[in-house]
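First the structure, in the form of structure tokens, and then the observations on it.
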Amino acid sequence: MLNLKFIQENPELVIAKLKKKNFDASSIVQQIKQLSGKKNEIQNKADQCKAEMNKISKEIGLLMREGKTTEAETAKTRTAELKDSIKQLDDDFARIDQEVFNFQVLLPNLPSDLVPEGRTPEDNMIVKSHGTIPVLPENSIPHWELAKKYDIIDFELGVKITGAGFPVYKGKGARIQRALINFFLDEARASGYLEIQPPLMVNEDSAFGTGQLPDKEGQMYHATEDNLYMIPTSEVPVTNIYRDVIVEVKELPVKNTAYSACFRREAGSYGKDVRGLNRLHQFDKVEIVQIAHPDNSYELLDEMVAHVASLIAKLELPYRVLRLCGGDMSFTSALTYDFEVFSAAQEKWLEVSSVSNFESFQASRLKLRYRDETTKKPVLAHTLNGSALALPRILAALLENNQTPEGIRVPKVLVPYCGFEMID
RNA sequence: GGAGAGAUGGGUGAGUGGCUGAAACCACCGGUUUGCUAAACCGACGUACGGGUCAUUCUGUACCGGGGGUUCGAAUCCCCCUCUCUCCGCCA
């Protein structure tokens with residue numbers, strides 16, 4: 001969430017910047033300003049009352065010790081009124097504080113100056129294209145048919161065991177999954193990321209910390225008996241490592257990577273977009289996360305984009321990089337690059353990675369800070385994350401783009417990982 | 001699942017009603033000493049939100065797992081909740 005002081009001091013700037021996200025912040029900002037003024041006023045009054053109360057209490061303590069009980073009793077009578085006002089003021093404060101917070105969390109993150117204007121995905125800016133779109137043989141088929149033909153992914157079996165969106169990978173299908181995970185993790189480690197194996201379920205505090213709650217409540221599987229949530233991405237547990245933490249400047253940037261299964265309810269999804277591997281309830285993903293000093297977080301974002309680009313290039317897939325426009329960005333992001341690979345049989349681009357700088361928006365809720373070297377004061381850090389990469393759509397593109405009459409060719413870089421060159 | 005113990009500052013850990021925002025030790029930071037390292041010694045050392053000078057400083061309040069209560073006054077007493085640890089049972 002946005003810093004309260006920042007909103008109070010820069011109301012016009014907040015409103016102007018959020019316009020780019022097609023968000024009219026004027027009334028919220030105005031309410032926040034008004035309420036926080038009132039809040040400060042109440043706090044001042046309450047603090048004064050409490051100061052007096054503390055003073056009297058100390059005096060009573062001294063009188064009691066000296067045995068002056070009658071004086072102590074007189075002093076006590078003075079406190080009753082104070083006590084009432086304090087109670088009243090504290091209640092008012094708590095109420096207004098909550099109101100301010102409720103408004104505060106409605107405001108999305110401010111987009112970076114680099115973010116292009118626009119409302120829809122069509123307005124996203126293509127900043128890079130790489131590779132050539134393959135020309136497939138006559139009778140090419142989409143990945144869900146290939147999966148059946150070579151018996152490597154069984155969607156119906158998943159339906160039997162669990163439900164739609166929980167495919168069963170078999171034989172070379174299972175092995176190529178494992179190969180992709182290992183490949184991605186090794187590449188991340190080579191780029192300086194520390195490998196983490198996080199819990200797949202998180203508690204409520206963690207879900208709040210990265211903003212899954214309350215905003216995306218319905219998107220997570222919720223084990224109500226124990227009040228735990230299945231993670232929708234390893235970003236959640238990995239970023240929450242740093243919840244309520246003050247890191248040393250010399251530790252920055254912190255670079256973590258994690259493989260995990262990801263679970264998403266995808267309530268409201270339907271139609272052809274969910275065909276095959278395009279949208280699943282459970283899928284595998286390797287995530288990269290960085291905690292950065294505000295001075296160089298955008299350099300690190302570029303570095304992460306380059307890392308993801310190299311992964312896709314090594315897999316010999318044609319891809320493009322989009323800088324998302326204001327209207328297509330997520331609530332929490334300041335700047336996002338999406339990666340899309342071309343799925344040749346479906347003849348469409350599939351999103352396989354999203355790399356974002358959240359600046360201090362996530363850190364604010366997480367209370368993730370570093371200690372400034374000159375002032376020695378805690379300052380909110382910047383957080384960044386990206387998928388590197390999500391498996392299903394990568395696999396879909398690999399299967400479709402590499403299909404030949406003899407079988408599906410495995411990219412060279414994966415052969416040592418999976419131990420075969422063809423799926424046949 | 002049964003029984004018990006516990007939750008205090010970056011860490012260990014003292015503290016059963018006022019002199020405790022909190023001992024002591026360790027770590028970190030600054031300094032002295034030193035050929036270098038180490039040791040020793042000295043000093044500083046929480047966070048949040050307010051207020052005044054808004055640069056250094058000064059000041060008020062809150063915070064000892066979370067919430068509520070008793071009291072003039074709570075880390076300390078009472079109630080509820082959460083979590084952790086130990087033992088037993090079960091088990092990969």
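Quick note on labels: first sequence line is chain A, next is B, and so on, each numbered from 1.
- One can place CG of A:Asp244 at 13 Å from P of B:rG9, the figure rounded to the nearest angstrom.
- Between A:Glu204 atom CD and B:rG66 atom C1' the separation is 13 Å, expressed in whole Å.
- Figure legend. B:rC41 is base-paired to B:rG31; pairs are counted as Watson-Crick or G-U wobble with both atom distances under 3.5 Å.
- In this structure, B:rU16 makes no Watson-Crick or G-U wobble pair, since no nucleotide meets both defining distances under 3.5 angstrom.
- The distance between atom CD1 of A:Ile56 and atom P of B:rU61, rounded to the nearest whole Å, is 13 Å.
- For A:Phe358 and A:His382, the distance between ring centers is not under 6.0 angstrom.
- Across the strands present, B:rG10 finds its partner in B:rC26; the criterion is a Watson-Crick or G-U wobble pair with both atom distances under 3.5 angstrom.
- Pair check for B:rC91 finds none; no Watson-Crick or G-U wobble contact set falls under 3.5 Å.
- The cationic group of A:Lys285 does not satisfy the cation-pi geometry with A:Tyr259, failing either the under 6.0 Å distance to the six-membered ring centre or the 45° limit from the ring axis.
- Annotation: A:Arg119, atom CZ; neighbour count of heavy atoms from other residues, nucleotides and ligands within 6.0 Å does not exceed 12.
- Taking atom CG of residue A:Asn54 and atom C1' of nucleotide B:rC63, one finds them 14 Å apart after rounding to whole Å.
- Using atom P as the reference point in both B:rA48 and B:rG10, the two lie 11 Å apart (nearest Å).
- We find that CZ of A:Arg369 is positioned 14 Å from P of B:rG46, with the value rounded to whole Å.
- The one candidate from A:Ile231, A:Leu228, A:Asp226 that meets the side chain to side chain contact (heavy atoms under 4.5 Å, CB included) condition with A:Met201 is A:Leu228.
- Judged by closest nucleotide on RNA chain B, A:Lys55 is the one of A:Lys55 and A:Asp226 placed further toward the 5' end.
- Phosphate proximity of B:rC28 to A:Arg371: absent, as no side-chain N or O sits under 4.0 Å from OP1 or OP2.
- You'll find that the side chain of A:Lys83 is closest to B:rU71, out of B:rA62, B:rU71, B:rU47.
- Taking atom P on both nucleotides, B:rC19 is separated from B:rG73 by 14 Å, rounded to a whole Å.
- Comparing A:Lys250 and A:Gly61 by the nucleotide of RNA chain B that holds the closest heavy atom to each, the one mapping nearer the 5' end is A:Gly61.
- With both pairing distances under 3.5 Å, B:rU70 is matched to nothing as a Watson-Crick or G-U wobble pair.
- Using N1 to N3 plus N6-O4 or O6-N4 for Watson-Crick, or N1-O2 and O6-N3 for G-U wobble, each under 3.5 Å, B:rG4 pairs with B:rC85.
- Distance from the side chain of A:Ala51 is smallest to B:rU61 among B:rU61, B:rC49, B:rU47.
- Spacing between B:rA22 and B:rG67 at atom C1', rounded to whole Å, works out to 23 Å.
- For the C1' atoms, the distance linking B:rG13 with B:rG17 amounts to 22 Å, nearest Å.
- Remark: A:Asn40 is not in phosphate contact with B:rC49, judged by side-chain N or O atoms under 4.0 Å from OP1 or OP2.
- Applying the Watson-Crick and G-U wobble criteria (two distances, each under 3.5 Å), B:rG60 pairs with B:rC49.
- Out of B:rG50, B:rA48, B:rG18, the shortest distance to the side chain of A:Ile60 is found at B:rG18.
- The pair A:Arg409-A:Glu316 counts as a salt bridge, with a side-chain nitrogen and a carboxylate oxygen less than 4.0 angstrom apart.
- Across B:rG6 and B:rC77, the matching P atoms stand 11 Å from one another, rounded to whole Å.
- Heavy atoms of other residues, nucleotides or ligands lying less than 6.0 angstrom from CZ of A:Arg178 number 12 at most.
- When distances are taken from the side chain of A:Lys50 to each of B:rG50, B:rA62, B:rC29, the shortest belongs to B:rA62.
- Side-chain proximity of A:Met64 to the nucleotides B:rG60, B:rC72, B:rA62 is greatest for B:rC72.
- Per the geometry, CD belonging to A:Glu248 stands 9 Å off C1' belonging to B:rC29, to the nearest Å.
- Distance A:Gln48 CD to B:rU59 P: 17 Å, rounded to the nearest Å.
- Atom C1' of B:rG30 sits at a distance of 23 Å from the matching atom of B:rG21, rounded to the whole Å.
- The phosphate of B:rU82 has neither OP1 nor OP2 within less than 4.0 Å of any side-chain N or O from A:Asn203.
- With a cut-off of 3.5 Å on both Watson-Crick or G-U wobble distances, the partner of B:rC54 is given as none.
- Comparing the P positions of B:rC54 and B:rG68 gives a spacing of 39 Å, expressed to the nearest Å.
- Between B:rU71 and A:Lys76, no contact under 4.0 Å exists linking OP1 or OP2 to a side-chain N or O.
- No more than 12 heavy atoms of other residues, nucleotides or ligands sit less than 6.0 Å from atom CD of A:Glu81.
- Here the side chain of A:Ser57 pairs a donor or acceptor atom with the backbone of A:Met53 at under 3.5 angstrom.
- For B:rG73, neither phosphate oxygen OP1 nor OP2 lies less than 4.0 angstrom from any side-chain nitrogen or oxygen of A:Arg78.
- Remark: the separation of the P atoms in B:rG2 and B:rG89 is 16 Å, to the nearest Å.
- Following rounding to the nearest Å, A:Ile86 (CD1) and B:rU71 (P) show an atom-to-atom distance of 15 Å.
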